[in-house]
Every structure is written in C-alpha cells, then in structure tokens.
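Quick note on labels: first sequence line is chain A, next is B, and so on, each numbered from 1. Because the structure is a prediction, the values reported are computed rather than measured.
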Amino acid sequence: MTRAAKVLAVLAWVAIAGGCDDSPAPASSAGGGASSSGRDDDDDDDDGGEGGAGVGSSTSTGDVVGTTTTTTSTSAVGSTGTGTDASAALYAALDDTVWSAIVEIEGRTRALELWFDADGRRWSAVRNPFGPSRADVAGEFQIEPDGRTVLAVDDASGEVHTWDLDVIGGSGGTPRTLRRATDDGVDDFTEGLWPEPVGGLTAELRVFSSSGPVADAYCKAGGCGIDYATLFGFARGLDVGDDMGSDLVAGARLHQWYNVDNFAVTDVDGFDPGTLGGTELSDQFNFVVRYTGWVEHPGGLLSMRELDDDVGELNATDYGGVWAFIAGDVGVGGFADLFLGVNAFGFCDDGSDDEPLAEGDPQSVPIEIILIRCNTDGPQVDVQMSLAEGDWLYVGDQPTTPDTSVTLFPGGL
Amino acid sequence: MRRAALLLPVALATLVPSEASAYTTRVHIMMANRVRDALAVDGATVPLWQGEYAVALAPDDARAILNEPLAFRAGAVGPDNMILPGLTDPSHAVLQRPFEQCQRLYEAAVLDKERAYALGCFLHGATDTVAHHYVNYMTGETFTLNPITAGRQQGYANVVRHIIAEDMLQDAAYAGDPAGFTGERMSHEIPQGFVLRTYFDLDSPVYGLMASRAIDEYNQTIDENPGASLPEVIVALDAAPADHLVLLPVYVAEIQRTRGVVRDWLESELAAMQDWDTAEGAELLVWPGDDGTYGTKDDETDCSATCANLFAKYFVIAGLLEPRFDASGNELPPAWDKVSGKFGADLDRLLPSLVQVTANVSTRLNTGLDQGGGGIGELTPAAVEAAFDPLTSWGDEITTIDTQAIASAVSPDWLLDMDVFFQSFGIQVDVTAWIEAILEPVLAPIRDGIRAYAIEPAKRFVDGLSSDYRALRQSTLDEYAGRLLAAAAPELNGATSLSDFYRMGLYGHSYNISAAALGNREAVLPGAGAPADHGAASFDGSHTAPWMEVGACPHLRELIYPLGADAKGSLGLLRDGVITASTLGDDSPLECHGGSLSAFSVEPNATTCTMTSLDQLVASPYGSISRAYPPETVGQVVECRGIAIPGLPGPPEGGAGGSGGASADDEGDDDDDDGDGDGDGRDGASAGDEESSCDCRAAAGGDASSGGLGVVLGAAALIAARSRRRRR
C-alpha cells in the first residue's frame, strides 16, 4: 500500500468520525476512555469514587457503622423480615458501594475492589481491576446480627469468607473507609473505584503452543506463507483454541522488546512484577501482545516505524514481528489494511511502507499494535511513532489512552 | 369393569404430552411447590392435608423457602441428583444416614438459598419414605442395582421398574394438575457452590457422612494392597460407579499430593546424584561450576557421553528444578513447578465439572411437561454425551497432554536449552519423554482411574438405564395397571385411586410428613442411637414409617398418616372426610433373606432380617441389606421420643406413648404405652457429630500408595480391568 493511499484512508475516517460520531473499536470516546468502562459503582449517580448519595447519608455522623443508629431505610432487610438494627445499618452502609485498596494476596501486592449490592445481597471482589492478573469472584453475603460479621459466599466454589467489616468516617467530604478484618489481617479500603490508568495502551497477552496453528501461521511459516488471518484472529481473541494462557492490562507502555534469551512475559511493561504484582504467567517464548487504545494526536502527520525495520530478518533463530492498524481498521483489519507491517521474512511483503504516514485533524486516533515473540531467541523490537512531525519516540512515550471499555474490564456487579 | 381395565393403560399413556415418559423428580418439585404455596398463604404455617392442624415453621426456614423457590426445588430433587440419576446410593441408601446428610446440609447453610436447598433435602427424604413403600410394593423390592430377580447380581430391571412406577405417579399427578408441571413450576437452580462445599469437600461434615463407607473401603483396600499406586487401588477397590464418584475428592487430593511427592522425589534424586557416597554420585562426581551452585547447567561432571543415561537424568532433573529468571532479573518458577502447577489447576476443575454435569442432567430431566419434557427414556446416547460433556472434556484435555507442547509453551527456553545442552555433549536425549515419565504418577490415576472407573462407567450406566427403561416401559405399565385395578375399591367403578391423585393417601401422607419435617426436622431424623435401630435407615426402603418419630408416636402417626402408613393406606382415598379404602390385601415385602438370593424369606425374623452387606449376603444368603421391615419383625421397639412439632398437638399428658411398628389398622393400640414422655428430642446439631469430618485416613492411607521412586516407576504399570460383582 502506498503512502498516498494511507493518507486518504485516514482522511476518509476523519470525515466519517466527524459526521456521525460512530467510532470503531476501541469503544471509548475521543479524548480518553475514562467514561466508557461502565464501572460505575452506583446506580444513582456518576460520581465515581464517592459512592451513592443515599449511602453516604446513612453514615453522615462519621462514626463506625454498627455502633451508630441510622435512619436510612433498608428495603432489602425489611423485605426479608430479618436484620437487627446493627445489621440493617451495615446493609445500608454497604448498599451500592465499591471500595478499593492495595492488599497482599498470595505474597503479591495487588489492587482489590470490593463491590456490594445490599438489595440483592450480592458481593464481588475484583483483583487488579485493570490487570494484570485480573480476577473476580462474586457471590451472596449476609450480615450477622452483630452488624459487623459478614459471611460472603463464593458462587463458584461455595467457599465462605468471614469478614469483620466496619465503615468509618465519611464526614467533611472525605471518602469513607471500609475496614476489613480477616484471619489474614486488617485492610482499609477507600470508598470508590480503583482509578483507571490514564496513559499507555491496553495490552492483551496470549501464549500459543509451539506446535499449534498460531506457530504455524507465522513462526514456522516458510516461503512467505504467513497466515495473517490466523495470527491476527488469535491476537484479537477471536479464535483462542490455541491459547495456552492469557493476561490483560491497561496502561502498558510499549517500549523496547529487547533481544536476550530469557526475555519473558514479565519483561513486558504492565505485566512486570512492579505493576500490581504482575502477571501469573511466566512464559518466555511463543506469545503475542496486542496493544489497543487511542493516540492523542495533535493533528497533522502521524507516522510509525520499527526503528531499523528489522525484527529478525533472514535470521532463522531470531523471529519477531510488528503489525499496526489505525482508525477504522482497528480490530478488524487484515494484511491489506496494515498501517505498519514488519515481518521477519526478508523477501516477503511487509504490507506497508517502512515509515507509513497518516494525516488528520487533532483527535484521538484508535490504534492497534500486535507484537509476536516466537520460539526463537527473539529480535530487538523498537516500535516508534512520530506525531505532527515531532521526534520519533517509543509508542510508550507518546500521549496515548488505554482502552478501558467495559467489555475488557467489567465492573464487579 | 373389563372395558375400563383395557383402556386404562392407554389413558395413562396419553396423560403426558410427549411420547417419552416423565421422571419422578418432577413430583418432588411439585410437592415442594405445593408446600411452599401453602406456606405463602400466611408466611408461617403449612396446614396438614385435609386436616385441622397447621405446622408452624421457624421464621428463618419459612423465609428461606419463600424467598428461594428455585433452590428449594433444587433441594427437593437434590438427593436424586446426588450423584447422578440412578446412582443415588450415596445420598439414599441404607446406612448412608440420608436424613442426617440433610441435617448437616442445613447446619452448613449460610445463605437463605442454601438453607432452602437443605430444607428441600428434608422434603425429598420425607416424601421418599412414603412413596417408596408404595413403589417397593409395586416393584417387589427396594431400589437396588443387585435385585433378587437377578439373584443379587447386577441388573437394571429393578431400577427401571422403580422409575416406571414413579412415572405412573407423575402421570397421575399431572392429570390432576397440569399447571403444576409447567416449565416455570419445574425450573430450579442448584446452588453449585454450596453443593461443592458440602458434598465434595473433604472437610465437610456432609461429605464425611456421605463418603464414610466408601472411604472405609478405600482405606481397607489400601491396607490390603500395601505399596499399590492410586490406579491400582482404584481397580482393586472394585466399587460401583457411584462410589468412585463419591471418592473423587479423595482421588483429587491424592493426585495433588502426588505432585508434591514427585517434586520431593526429584529433589532427593538430585541430591543423591550430587552425593559422591552414593553409587550414582560416585559415578557422576558432580561439582558446581563457575557459579558455585549445585543444580545448575554449569555443574561439572566426571563423565558425560560415557554415562549418558545418568548424565541425562542429572541435568534433566536439575533443569526441571532450577529457578528461571527473566531478562529483568525477576525469578520465575522452575519448569517443573510451571508444568505441575498447570496440571494441578486443571485437576481442580474436576469437581466443578461433575457438579455441572449433575446440573445438566437435572435440567434435562425436569423440563416442564408443557415444554415437551420427557424422562430418563429421553436420555439418548447423544443426550447423555451432551450432558456429560463437562466431564468428558475435562478428562480428554487433562489426559491427552502433549508434553512437548506443554513444556515448550510454559517453559520453551528451558526445553531449547536442554536440547542444545545435551547436543553439545554429543548426547541425544528425548527430554519430553523424561517429562512424560515423571508426570506418569500424576496422569495415571486420572487416565486409568478416574476416567476409566468413574466417568465412563457413570456415563454407560445412565445410557444403559435409559435403554432398558425404553425396552421395559410398556409391559411394566401394563402389569402395574392391572394390579392397581385389582386393588381399587369397588366404588371407584373401574378406575384406580391414581385417578384422584391429590386425594390419595400416598400424596397426602407425603405432603404431611414433609410439613412435619419442615416444622421440626426431628420428626424424621433418627435418635442418638445406631442408625439401623432408629430412624429412616434409607430413603429407599419400605416400612420406614414406624422407625421414625412420626410413625412411632401415635399422636403424630394419626395426623401424618390418616389412611395408614402401609401400601393399602397409600392407595386409599380421602374425600371430604370420607375414606375410600383400597382392597389391597398385602403390603411391601419384608426384605429378609432366609437362604435364597432370589426370594425373600417367608419367615422374617431377627435371624433372617439381620442387617448385612451385599458381599456378605452373597457369601451367606441370610439377612437383610435394606432394613425394609418394621421394627416388630425383629422384636424391636422404637420408642416415641415425644418431640414437639409446632402447630401440632403434643403427646398425650403423662408420656409420649407408643412405639414404632403399628400399622394403620392398629393405630391407637399403643396409646397406653409407657413412653418416657420426657421430650428428650436431641438437638439436631448434634446428629452424627462423631463423624464431623471425612475419614482423613483416606489421605493418610495414600501414603502407602505413593512415595519416592516407587511412585514414578510403579505408576507405569498397566491396569487390567476386572469384571466382578458391583456393590449397589
């Protein structure tokens, strides 16, 4: 594809986007995905971490719930005919709330959200809400007559978690604190959602079998027989039959993938142990990472490149690959739609210029970048971008917004 | 009369809206709905059937039943789902203490839906004790896979006859109230987490009760086969599919433990090879390389190509246990831990998969009759295959491991490094073959044990049962219809009492005992003595009423069984206070063997009715394996404990009075009995507390089945399938 054609394609997209605001995936609106996640913790308002107004009023004294009489009605409790004043107060204090904290889980430092729906008697816990190693459990809970002991039952396993909960503070505009005591210790949760990452991109990592269709599609493809449909489909999670493990994180910075034998998933920014405990995967070869989100483009030219246009070219023990899509091709594009393509097979068409260009007005440009590490030593990969004819910087150093849509990061309840 | 007799089977067959038969679990759900509907009127009480009294429920229980109808219904069929249709001995059979299982469920309940499920379990059992007396009369024997008609060999005929007898009841119930069997009224939801936590957790008191017998046999098998691997124990156990399913938590725990044992073995082998005082160590003469650390690839050895096997063994094991590091210096788990950990996680999916299969089958068998719902006859091989998919998929995935794929996927650098490493010494080593050998003790119990002896037989059982059912259905229906006509009161003018199902004693008594059990679970729970001496020994047996408080106490018996607790009473009708009695002259058999395996004794007594096991019975054909006889048959007196059921009148002043063993005809005869009347109903929470957890010797017994090199080498032994008599 020629440079001119790419420019036209982007201009066409700009015109469409401006006309009907029908942005393709990722789903977040221009300027960032912060409001798109659907992770509101409250049906009544959208005040994010401050929680529902009704709930706040129930503990306006700032005292510990359970030792304070509240006048807030508790329809759930009343409807079932149970509940002491103490338990009713805690039900009311927890209703439609979300709390977040940093906690130790199995020896790793993680973020944790606790969600409560007192009417439905539902609870959930979301570990690392924006990854890595995101995991959630949910179930039903009930508060014992002491108004403090909570029995939270896991739907899937039936496991019964016993917590002592106290709701503290909440006056003077400061968020309330949920103190949870368990046999493992005491954690203080602040009312509100765990904050969304504000920069970087969203990275989806998938490990594939060394002897499966994905490896055959690229790593073992010979004679330019690259099967892009299989490769991209796997990276996009459309066909994960070959999936040997996966993880997801928002806010990952795409910097250099460097050429050392023991490069592992934990070396990929966002999945490293320093990011909320990191991934639980430890694979070192045969994985793809798909980055998605928006480039906050100041307007003018947008260009990308792999620094030396070499991802192991003609080196059978050094295979990598980079493929990028922008605008309407994000999530759906194939080889013919590549904005940037760099493969390791020197004589095979990359699918793009070495430094393709697009041009458009200031806007959030949807972007998708797929990187692969085969069962080889792995090359050095430097994916860079230039905005408005500025310096070439790693994508991770450019202004970007990760995709935090509810599809990828649903709420707890 | 003659014309009606000819028409009746046809009429019955057309009552259900599909050609396939229906299954009895729907009747349990219908009963649960009716009890709940009655409770909903005032939110607190359940009036007795055509009676003047109403049983008052504890507020928490009433709330749970009212708020959680789906779970209450699921509990009402819960024992029939445990573990699979037809494989219900663990939750029903004699000496399994089924009502105490319900009680432990109740005690384990945290949420309302869990409480509702547990209360449903009581309703199921209570209903069964009434229905099975009648059904056993029709079929000739208590539910068993080793019936007398097969000389106590295995056969489905008895089970099929049970199902068909219960089908007839459902047909009659449906005819009387089609709206009671719609999809909406049949829908239910098993709280799967609760089932996992109670029925399939080694630490659960419910599991401890349900599995105690199977675990005893498992441990005994280990004792009889010292040093046997788990697959060998599973084969030697020679248990029925249901028992293997019950033992799955034990097998899973043992396999998980074996993962640790294998790792310990790897470490010990490595240490031995590094010890110059051992034979292998003296040959290899290992010393650390430049890094000064043993167990890394730069270790030096005195030989390589000249001791290729030993050299390969050392570096494969060292490589498996050596910590890995990423490019940033973060430590990654050793290759063995990565492979083993993935396998362990996969293994943990087994029990949830089993519960999902249970849910699938239950949904299939309880489709609304307005939605084309059929019965077990509808379980075609394809339907069985679909229902079992979670289990078969699990088994396929976990046992068809591509070691190369796993090793290279979870730790490909290690595999590559090992290949390159050995090649540098001119040695060709199939590293993946080594991994397979090391994994074998973990894989073999699944491939040769769980899949071969639990999953596949269970699937074949359901399949075979369905097939036999289809073959025997019509002829059995004809037989039953004829017998029911013969037992019908003349004033029914050629109809049977099934034509007015909801006024049958069978229905009314089932309803009443359900209400009583929900009002006070002591009504059906045994006392503190041995379970065979007091209480319902099983949900399956006949003649259970006089063993229970509701039957042993005259003041309760009159209210709960107004037409009598025998088969005749079940077939009688009560219409506006008027009884239309059945003409039935006989009753369910007294199931005691007096020398024959193919017939019951004509002289049941304390000798011929001595409780025994199937194996012992086959060895010496005397005794009973069902306790399907009333207490007086063996000269036993079941004293009325005088419990109070809220809403019902208490025992007469001066003592509880009475004892078990009375039939409808002699109700009241025992009113003057000198029961102690002290109302010493025990606290339900204490039921069976001596077995508050599983017999952990199952795990301890596993020590004999694994350990050290024997685990690795012994597990490769082929398992020869044997065909022997199966326990019921």
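- For chain B, the option among A:Asp155, A:Leu281, A:Leu151, A:Val153 with the highest count of heavy-atom pairs below 4.5 Å is A:Val153.
- For a residue to count as touching a neighbouring chain, one of its non-hydrogen atoms must lie under 4.5 Å from one of that chain's; by this rule A:Thr266 touches chain B with backbone and side chain alike.
- A:Asp164 meets the salt bridge (charged side-chain N to carboxylate O under 4.0 Å, His left out) test with A:Arg148; sequence neighbours excluded.
- Using the six-membered ring where Trp is involved, A:Phe141 and A:Tyr91 have ring planes that are tilted, between 30° and 60° apart.
- No hydrogens or angles considered: nothing links the side chains of B:Asp201 and B:Ser204 as a donor-acceptor pair under 3.5 Å.
- Comparing B:Leu196, B:Leu332, B:Leu66, B:Val355 by heavy-atom pairs within less than 4.5 Å of chain A, the highest count is held by B:Leu332.
- Defined by atom type and a distance below 3.5 Å, a donor-acceptor pair is present between the side-chain atoms of A:Thr275 and A:Asp272.
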